[in-house]
Trainee: 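Sending over a structure as structure tokens; questions will come in a sec.
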Amino acid sequence: MKFNLRISPLDLGQTLGCGQAFRWRPQSDGAWVGPLGNQLIRLKMKGQVLEVEAVPGGSGARQLVLNHLRADDDVRDIQRSLGRDPVLAPGVSQLKGLRIVKIDEWEALASFILATYANIPRIMKMVETLATKFGEPIAEGINSFPTLDMISEVRKSALESCGFGYRAKYLHEVSHKLDSEQIGELRTLSYSELRRKLIELPGVGEKVADCVSLFGFGKLEAFPIDVWMERAMARLYGQKGSYARLREFAQGRFGRYAGYAQEYIYHNERVRARNGVCAFTKN
DNA sequence: GCCCAGGAGTGTG
DNA sequence: CACACTCATGGG
């Protein structure tokens, strides 16, 4: 099944490339392939048009992609608003096709519990391991992300032999403390209420709660702060200190679109680091 | 081998 | 409130 969508602006690499979602893979022809729900999705830009291939396809495929790429976000307006910050403006102009992604709530929670204190290649590997071992096959070589119910039935020892380290225990505990109905209730909460509830879960601190709020529950005011963001905030804004302090600064400066601001800052910081490393290793 | 990673939990001052 | 320490492991 094949169809076209118009989602603008959109740069697949900027959006799917690193850090937000962990299961998209770039192809040599510029397309991106990954699972969405129980569909295998292939995305490719043809000029301004997004070409979508869905297997097995069906009536829900179009909505899956529109949801995932948050097609309703007025990204131009968000960029106009954030671009008024002179510090942020250059970063925004380099990432015009970046969109925040919407991930399934449970998938976001489980993924960012696994993501604690690991680098992105390893996170992608852990998420892939979870899908391979406990998800259901949806196409050759790709499994769906295992549901909360599926993970709750996995023996603790099985999770512990996945190479997740101390994260295995958290994943196991969370899968028993929550059911899918409770996740549905979380959807009705405001950001601050949701954040409080998420932090009550084992293995979920402020940073994971903010990632899950932003990418899983679509709370655009969330502003996750990891080690990269800490460095960037010190360098760009001279802001240092506790998570609470940095977060308060971000809320005041970026307001309801703090999540987008975070992505512009985060991506720029990583590009900076990558170019530094490349320049160094060439010599 | 070394350093670091989209941190969290717990204890202490 | 702020630090300090520990946790389990693998990518670069």
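These numbers were taken from a predicted model, which means no experiment stands behind them. Per chain, numbering begins at 1; letters A, B, ... match sequence-line order.
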Trainee: Please check if A:Leu40 and A:Val101 belong to a single hydrophobic cluster, counting links between Ile, Leu, Val, Met, Phe, Trp and Tyr side chain heavy atoms closer than 4.5 Å.
Mentor: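 No; tracing contacts between hydrophobic side chains, which count when under 4.5 Å, never links both residues.
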
Trainee: If you measure from the Lys or Arg side-chain nitrogens to the Asp or Glu carboxylate oxygens, is any gap between A:Glu51 and A:Arg42 under 4.0 Å?
Mentor: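 Salt bridge flag = yes for A:Arg42 with A:Glu51.
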
Trainee: If you measure only the distance, is there a donor-acceptor pair under 3.5 Å linking the side chains of A:Tyr237 and A:Asp85?
Mentor: yes

Trainee: For A:Tyr264, check ring pair (Phe, Tyr, Trp, His ring centres under 6.0 Å) against everything at least two apart and list the hits.
Mentor: none

Trainee: Can you sort out which residues in residues 235-257 of chain A have a heavy atom within less than 4.0 Å of DNA chain B? Ascending by number, please.
Mentor: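 By residue number: none to list.
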
Trainee: Once you round to the nearest 0.5 Å, how far does NZ of A:Lys102 lie from CG of A:Asp72?
Mentor: 13.0 Å

Trainee: Just by distance, no angles: are the side chains of A:Ser8 and A:Arg76 close enough, under 3.5 Å, to form a donor-acceptor pair?
Mentor: yes

Trainee: Enumerate the residue pairs fulfilling side-chain hydrogen bond (donor to acceptor under 3.5 Å, both in side chains) with a member in residues 210-220 of chain A, sequence neighbours excluded, ordered by first and then second residue.
Mentor: A:Tyr191-A:Asp210, A:Arg195-A:Asp210, A:Asp210-A:Tyr243

Trainee: Within residues 110-128 of chain A, which residues have any heavy atom lying less than 4.0 Å from an atom of DNA chain B?
Mentor: A:Ala115, A:Thr116, A:Tyr117, A:Ala118, A:Asn119, A:Ile120, A:Ile123

Trainee: Between C:dG12 and B:dG7, how far apart are the two P atoms, rounded to whole Å?
Mentor: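 Between the two P atoms, the distance is 16 Å.
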
Trainee: Just to be sure I understand the rule, does A:Glu160 reach a base, reach only the sugar-phosphate, or reach nothing, if contact means heavy atoms closer than 4.0 Å?
Mentor: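 Nothing, no nucleic acid heavy atom in range.
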
Trainee: Between A:Glu53 and A:Lys44, does at least one N-O distance fall below 4.0 Å, as a salt bridge requires?
Mentor: no

Trainee: Kindly state which residues belonging to residues 201-225 of chain A come within less than 4.0 angstrom of DNA chain B, counting heavy atoms of the residue only, listed by number.
Mentor: A:Leu201, A:Pro202, A:Gly203, A:Val204, A:Gly205, A:Glu206, A:Lys207, A:Val208, A:Phe215, A:Pro224

Trainee: Which residues within residues 163-177 of chain A lie with some heavy atom under 4.0 Å of an atom in DNA chain B?
Mentor: A:Tyr166, A:Tyr170

Trainee: Is there a donor in the side chain of A:Glu160 and an acceptor in the side chain of A:Ser157, or the other way round, less than 3.5 Å apart?
Mentor: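 Looking only at side-chain atoms, A:Ser157 and A:Glu160 do not form any donor-acceptor pair under 3.5 Å.
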
Trainee: Charged N to carboxylate O below 4.0 Å: is that the case for A:Arg23 and A:Glu128?
Mentor: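 Salt bridge present between A:Arg23 and A:Glu128.
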
Trainee: Establish, yes or no, whether the cationic atom of A:Arg62 lies under 6.0 Å from the six-membered ring centre of A:Phe3 and within 45° of the ring axis.
Mentor: yes

Trainee: Give me the one residue out of A:Ile7, A:Leu10, A:Leu95 that meets side chain to side chain contact (heavy atoms under 4.5 Å, CB included) with A:Thr15.
Mentor: A:Leu10

Trainee: Report yes or no: is the cationic atom of A:Arg270 (NZ for Lys, CZ for Arg) under 6.0 Å from the centre of the six-membered ring of A:Trp228, at an angle within 45° of the ring normal?
Mentor: yes

